[in-house]
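FYI, side chains are in, hydrogens and waters are out, and symmetry mates aren't considered; it's all heavy atoms of this structure.
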Amino acid sequence: QVQPVESGGGMVQAGGSLRLSCAASGRTFDNASVGWFRQGPGKEREFVAYINWSGGDTYYAESVKGRFTISRDNAKNTVYLQMNSLKPEDTAVYLCAPKVRPAPVVTSAAYDFWGQGTQVTVSS
């Protein structure tokens with residue numbers, strides 16, 4: 001059972017950058033596609049980015065396209081989310097999980113074994 005651990009969150013001003021990490025614990029992320037989602041206060045979980053097992057296929061939410069980059073290092077069992085040009089509306093808890101079901105990559109139902117998340121706060 002994969003239990004990711006997210007890290008790298010923090011408080012930044014608008015326009016700043018953060019790099020989030022999603023590290024596999026126990027079993028590895030080998031052969032597992034991974035998604036990043038976020039959940040703001042009082043909001044539903046929202047898709048952010050997806051990467052397939054090899055890193056050769058990525059997909060982004062329109063709201064982050066061109067600002068965020070997802071990548072992975074399978075040797076380190078870690079998936080990254082580089083976030084640039086951050087905006088106050090990016091404020092949320094960011095969570096990652098492996099994709100375990102044959103559902104669209106943008107739906108949280110396709111994923112399981114969620115981590116605890118890491119808080120990102122962007123001030124204006």
With sequence neighbours left out, which residue pairs that include part of residues 41-91 fulfil the disulfide (SG to SG under 2.5 Å) condition?
none
Walk me through whether R101 and D112 qualify under side chain to side chain contact (heavy atoms under 4.5 Å, CB included).
CA-CA 8 Å; R101 302 184 185 95; D112 207 343; 3.0 Å; yes
dist S7:OG -> L20:CG (nearest 0.5 Å) comes out at 8.0 Å
Sort out for me which residue in M83, K87, R38 forms a side-chain contact (heavy atoms from CB on, under 4.5 Å) with V64.
R38
Decide yes or no for R67 and Y60: does some side-chain heavy atom of the first lie under 4.5 Å from some side-chain heavy atom of the second?
no
Just grab all the disulfide (SG to SG under 2.5 Å) pairs involving residues 41-94, residues at least two apart or on different chains.
none
Sub-4.5 Å side-chain heavy-atom contact between Y111 and V105:
yes
Of all pairs that satisfy disulfide (SG to SG under 2.5 Å), the ones with a partner from residues 82-124, not counting sequence neighbours:
C22-C96
Non-hydrogen atoms of N52 and Y50 that approach each other most closely
CB-OH, 3.6 Å
Does the ring center of W114 lie less than 6.0 Å from the ring center of F37?
yes
Looking only at atom types and distance, does a side-chain atom of Q39 sit under 3.5 Å from a main-chain N or O of A92, one as donor and one as acceptor?
no
Would you name the heavy atoms of T91 and V122 that are closest together and state the gap between them?
OG1-N, 2.9 Å
Least distance between heavy atoms, L86 atom then L18 atom:
CD1-N, 3.9 Å
Under a 4.5 Å side-chain heavy-atom rule over Ile, Leu, Val, Met, Phe, Trp and Tyr, are V5 and Y80 clustered together?
no
Determine, stepwise, if the pair S63 / E46 fulfils side chain to side chain contact (heavy atoms under 4.5 Å, CB included).
CA-CA 11 Å; S63 60; E46 173 190 25; 4.1 Å; yes
Is the number of heavy atoms from other residues, nucleotides or ligands within 6.0 Å of NZ (K43) greater than 12?
no
From K65 NZ over to Y59 OH, what is the distance, rounded to the nearest 0.5 angstrom?
6.0 Å
Taking all atoms of both residues into account, what is the closest heavy-atom pair of Q82 and S17, and its distance?
NE2-CB, 4.0 Å
Is there a donor-acceptor pair closer than 3.5 Å between any side-chain N or O of N74 and the backbone N or O of W53?
yes
Can you see which heavy atom on A49 is nearest to which on L81, and at what distance?
CB-CD1, 4.1 Å
Heavy-atom pair with the smallest gap, counting every atom of G117 and V93
CA-CG1, 3.8 Å
